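Below you'll find the structure, written out as structure tokens, and then a few comments.
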Number of protein chains: 2
Amino acid sequence: MIEAVDRLVSALAKLPGLGRRSAERIALRLVRDRGRGTTADLISALQGLESQVRLCSTCGAMTPADRDPCRICTDPRRETRSLCVVEDPSDIASIEASGAYQGRYHALMGRLSPMRGEGPRQLRVEALVRRIGDERIEEVILALNTDAESESTAQWLASKLAALGVKVSRIAYGLPVGSGIAYSDPVTLQRAIAGRMRM
Amino acid sequence: MIEAVDRLVSALAKLPGLGRRSAERIALRLVRDRGRGTTADLISALQGLESQVRLCSTCGAMTPADRDPCRICTDPRRETRSLCVVEDPSDIASIEASGAYQGRYHALMGRLSPMRGEGPRQLRVEALVRRIGDERIEEVILALNTDAESESTAQWLASKLAALGVKVSRIAYGLPVGSGIAYSDPVTLQRAIAGRMRM
């Protein structure tokens, strides 16, 4: 294979959800579209992402690079004694869109996944424990997904946080089991947050 | 959503095989890896592809940008009276790896697909007809995939080319039906090329 193609296929295949075959299809499309701006648009968008977006050092949400901590973490009108714990930063946007929660967030950046070799050290758990103390948090609401790995992550986290004397709840099973936060509609999320149960 | 993230997600979602949700996962990964070179590597690989790779104006294979026509089209040792017609440029590499074919190629850049609105005008058929005359081609070997759309593309092409007085064959059903050229191992491809049948 041509070296420049091979290099792009390798770079693409490192991204989540892309294997070599799908990376090859993308490379072919880009070569076919040569001169039509497809690759140039992609390069420009990647440069914009790298220069303009970062993760909030407090909650983990995506935020403009010049705004850290993020808009939610620095909003004085937000309720400050609860933290909503999610797996991914993108879950924050889903919950915000439901309008059912007025507090702040904490993204774990994943979940416990023995299959993929992801344990507690890959998650932002120490930072969470620190925030609970520093910000005098009274309630932690777990808004993880509902499949088996997320479920055991929630159980593990609940028992760990209980030792800190903080109230731990989880959003109700309004979500269809086996699905994820990002796929849920706002109404389902509203019900799930309203019906949260003590753990 | 942050504008720079939205822009990247839109650019990614235009690529084959990527929807908005998978594009969002990729954007998140890139923001998480910020400063670790993941995005920089991808940008550099894309720039390399754009500047160094093009499609051969004769056969449609991917070729270094400064080498058009490609290595295969200009190789004086190749047999010149047959053309092997494939759907995608990447199929050429699969057949080359089998070592069973010594002639030249012609990539259609797809197949007839009424479902996706792809008809004869989206394929490089006129260029194929021109080459058959200009290069005094005696045999056209159809090496298309074996699912229903490719099958009807082969039938349509065979009847169209028969009118030109050229011999048309297709590689044998050594391939498992419903699969594709790119997934086949070299031995299966060798058998399929050796057992090609007159159409």
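From a predicted model like this one, the values you see are computed outputs, not experimental measurements. No hydrogens, no waters, no symmetry mates; every other heavy atom, side chains included, goes into these values. The chains referred to below are lettered A, B, ... by the order of the sequence lines, with proteins before strands, and numbering in each begins at 1.
- At a 4.5 Å heavy-atom cutoff, the contact between B:Arg29 and chain A is made by side-chain atoms alone.
- For A:Gln47, the parts sitting under 4.5 Å from any heavy atom of chain B are the backbone and the side chain alike.
- Rounding to the nearest 0.5 Å places CD1 of B:Ile26 at 4.5 Å from CG of A:Leu18.
- B:Leu46 has its side chain within reach of A:Leu46: a pair of non-hydrogen atoms, C-beta onward, lies under 4.5 Å apart.
- In terms of heavy-atom pairs under 4.5 angstrom with chain B, the leader among A:Glu24, A:Arg25, A:Gln52 is A:Arg25.
- For A:Ile2, the part lying under 4.5 angstrom from a heavy atom of chain B is the side chain only.
- Most heavy-atom pairs under 4.5 Å with chain A, from the set B:Ala93, B:Pro89, B:Ser22, B:Ala27: that is B:Pro89.
- Counting heavy-atom pairs under 4.5 Å between each of A:Pro64, A:Ala4, A:Pro16 and chain B puts A:Pro16 at the top.
- For a residue to count as touching a neighbouring chain, one of its non-hydrogen atoms must lie under 4.5 Å from one of that chain's; by this rule B:Arg21 touches chain A with the side chain only.
- Here the closest non-hydrogen pair linking A:Arg7 and B:Ala45 is NH2-N, 3.6 Å.
- Residue-environment remark: CD (A:Glu79) exceeds the threshold of 12 foreign heavy atoms within 6.0 Å.
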Evaluation steps, side-chain contact (heavy atoms from CB on, under 4.5 Å), between B:Glu50 and A:Leu30
CA-CA 8 Å; B:Glu50 185 79 349; A:Leu30 294 175; 5.9 Å; no
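- Put simply, of A:Leu55, A:Leu12, A:Thr38, the one with the most heavy-atom pairs under 4.5 Å next to chain B is A:Leu55.
- Looking only at heavy-atom pairs under 4.5 Å with chain B, the residue among A:Ser10, A:Gly17, A:Ser44 that has the most is A:Ser44.
- By the neighbour-count criterion of 12 heavy atoms within 6.0 Å, atom CZ of A:Arg71 is sparsely surrounded, having that number or fewer from other residues, nucleotides or ligands.
- Nearest heavy-atom pair across A:Leu42 and B:Ala11 is CD1-CB, 3.8 Å.
- Heavy-atom pairs under 4.5 Å with chain A peak, among B:Val5, B:Val31, B:Val9, at B:Val31.
- The line from CG of A:Leu28 to CG of B:Leu15 is 12.0 Å long, rounded to the nearest 0.5 Å.
- Heavy atoms of A:Arg54 lying under 4.5 Å from chain B belong to its backbone as well as its side chain.
- When every heavy atom of A:Arg34 is checked against every heavy atom of B:Ser51, the shortest pair comes out as NH2-O, 3.8 Å.
- Here A:Arg32 is the residue among A:Glu3, A:Lys14, A:Arg32 with the most heavy-atom pairs under 4.5 Å with chain B.
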